[in-house]
Amino acid sequence: MLFDDQASLHREASITDPLTGLFNRRFFYEQATSVISQANRQDYNLSLMICDLDLFKQVNDSHGHMAGDKVIVAFADLLNASKRQEDILARFGGEEFVLLLPNTTLEGAKRLAERFREAAENSEVIYEGKPIRITASFGVTICNPPSVDNSIRQADEALYKAKALGRNRVVAFVPQQ
Ligand SMILES: Nc1nc2c(ncn2[C@@H]2O[C@H](COP(=O)(O)OP(=O)(O)OP(=O)(O)O)[C@@H](O)[C@H]2O)c(=O)[nH]1
């Protein structure tokens, strides 16, 4: 029994990001690879979203690293609270998150991202009695052709555009003709 508990604790630690409790990047890749190969076989809609807190360095610089951590956790909770059960959410790195959205069209992914964006904009994190306001930028893409690396590259490109256009917005990847 003890061994079972230890094994499951070890497994949990190996797939989880310790700060937010979300899945880590490695586990996301593992899961996404399996969902995407299924999507390949079954031909269903699958979208991917990458989101990144805006000007987050300023949060750390103005309020300290602990405050920054609290903001990251609050944003992770916000995403986690509004996603569907079958969506796979992970902390991708620093202040960047990724979601794989089964049975979701590009329009659906844009709507969801817009909901997250609004929720972030309207949220307030209180740290040592002081309010911290945040915004986030989002890149979304349909996983077609379905491959994890390709979809991440496309969503990342859209996210980069969202940042370049002034942040606090959702941009969808548009393939070049
Ligand atoms: N508190 C905290 N900060 C982190 C963590 N991971 C990364 N960061 C910080 O996040 C900041 C990210 O800064 P940048 O990559 O310049 O991006 P940004 O300031 O959000 O600017 P844009 O993405 O262009 O809007 C860096 O200062 C990192 O040190 C973490 O786990 N906790």
Side-chain angles (χ1 to χ4, degrees), residues 9-32 47-83 87-101 106 109-143 148-174 176:
L9 269 178
H10 181 73
R11 169 76 181 147
E12 197 178 313
S14 73
I15 66 174
T16 314
D17 163 55
L19 179 65
T20 59
L22 299 182
F23 291 136
N24 60 24
R25 185 187 184 110
R26 196 179 55 78
F27 188 68
F28 178 84
Y29 264 93
E30 215 175 284
Q31 293 293 296
S47 294
L48 187 138
M49 179 191 307
I50 298 185
C51 42
D52 186 275
L53 287 164
D54 293 329
L55 302 174
F56 186 67
K57 189 174 179 306
Q58 285 178 12
V59 174
N60 279 330
D61 291 348
S62 318
H63 305 273
H65 205 268
M66 298 271 276
D69 281 2
K70 193 171 176 187
V71 167
I72 287 175
V73 172
F75 185 62
D77 289 347
L78 178 156
L79 297 173
N80 208 14
S82 329
K83 73 172 191 62
D87 298 340
I88 301 171
L89 166 64
R91 185 176 179 203
F92 212 46
E95 68 319 355
E96 190 173 38
F97 298 82
V98 61
L99 281 124
L100 187 68
L101 310 164
L106 186 62
K110 275 158 66 177
R111 273 200 303 278
L112 179 63
E114 187 55 35
R115 220 167 63 219
F116 288 148
R117 190 202 63 74
E118 261 183 56
E121 187 178 48
N122 295 326
S123 72
E124 195 173 70
V125 179
I126 306 292
Y127 185 76
E128 291 183 342
K130 291 197 201 105
I132 303 174
R133 304 300 300 263
I134 55 165
T135 61
S137 298
F138 300 78
V140 293
T141 190
I142 190 95
C143 302
V148 185
D149 284 335
N150 195 49
S151 304
I152 285 175
R153 212 174 309 116
Q154 292 179 349
D156 216 29
E157 195 178 311
L159 172 65
Y160 183 81
K161 277 198 186 130
K163 294 278 181 180
L165 288 167
R167 302 181 175 83
N168 190 22
R169 68 196 66 210
V170 175
V171 172
F173 174 79
V174 182
Q176 298 297 321

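For ligands, and for the atoms within them, numbers begin at 1 and follow the listed sequence.
Under 4.0 angstrom from ligand 1, the non-hydrogen atoms of R167 all belong to its side chain. Neither the backbone nor the side chain of V71 comes within contact range of ligand 1; no heavy atom lies under 4.0 Å. With a heavy-atom cut-off of 4.0 Å, I72 touches ligand 1 through its side chain alone. Proximity of K163 to ligand 1, defined as any heavy-atom pair under 4.0 Å, is confined to the side chain (atoms from C-beta onward). Looking at R91 against ligand 1, only its side chain comes within 4.0 Å, counting heavy atoms.
None of Q58, H63, K57, H65 except one satisfies the side chain to side chain donor-acceptor pair (under 3.5 Å) rule with D61; the exception is K57. Of the residues F138, F116, F75, the one that meets the ring pair (Phe, Tyr, Trp, His ring centres under 6.0 Å) test with F97 is F75.
The existence of a salt bridge linking E157 and R153 is excluded, since no basic side-chain nitrogen approaches an acidic carboxylate oxygen closer than 4.0 Å. Taking a cutoff of 4.0 Å between a charged side-chain nitrogen and a carboxylate oxygen, K110 and E114 do not qualify as a salt bridge.
When the shell of 6.0 Å around CZ of R111 is examined, it contains 12 or fewer heavy atoms from other residues, nucleotides or ligands.
Under the 30°/60° scheme for interplanar angles, the aromatic rings of F92 and F28 are found to stand perpendicular.
Separation of atoms CD1 (I50) and CG (L99) is listed at 10.0 Å; rounding is to 0.5 Å.
S137 and D54 form a side-chain donor-acceptor contact under 3.5 Å, judged by distance and modelled atom types alone.
The ligand atoms of ligand 1 that sit less than 4.0 angstrom from a heavy atom of D52 are 23 (O). Residue L55 approaches ligand 1 through these ligand atoms, each under 4.0 Å from one of its heavy atoms: 18 (P), 19 (O), 20 (O), 21 (O), 22 (P), 25 (O). Residue contact check: D54 has heavy atoms under 4.0 Å from atoms 20 (O), 25 (O) of ligand 1. Less than 4.0 angstrom separates some heavy atom of G68 from each of these atoms of ligand 1: 1 (N).
Panel note: side chain N122, backbone E118; a donor-acceptor pair is recorded below 3.5 Å. Proximity of a side-chain donor or acceptor of K70 to a complementary backbone N or O of I126 within less than 3.5 Å is detected.
Geometrically, ligand 1 and G94 share no nitrogen or oxygen pair separated by less than 3.5 Å. Not one N or O of L19 is nearer than 3.5 Å to an N or O of ligand 1, by distance alone.
Of all protein heavy atoms, the one closest to atom 32 (N) of ligand 1 is D69 OD1, 2.6 Å. For atom 12 (C) of ligand 1, the closest non-hydrogen atom of the protein is E95 OE2, 3.4 Å. The protein heavy-atom contact nearest to atom 13 (O) of ligand 1 is K57 CB, 3.7 Å. Here the heavy atom of the protein found nearest to atom 9 (C) of ligand 1 is N60 ND2, 3.4 Å. The single protein non-hydrogen atom nearest to atom 18 (P) of ligand 1 is F56 N, 3.3 Å, given as residue, atom name and distance.
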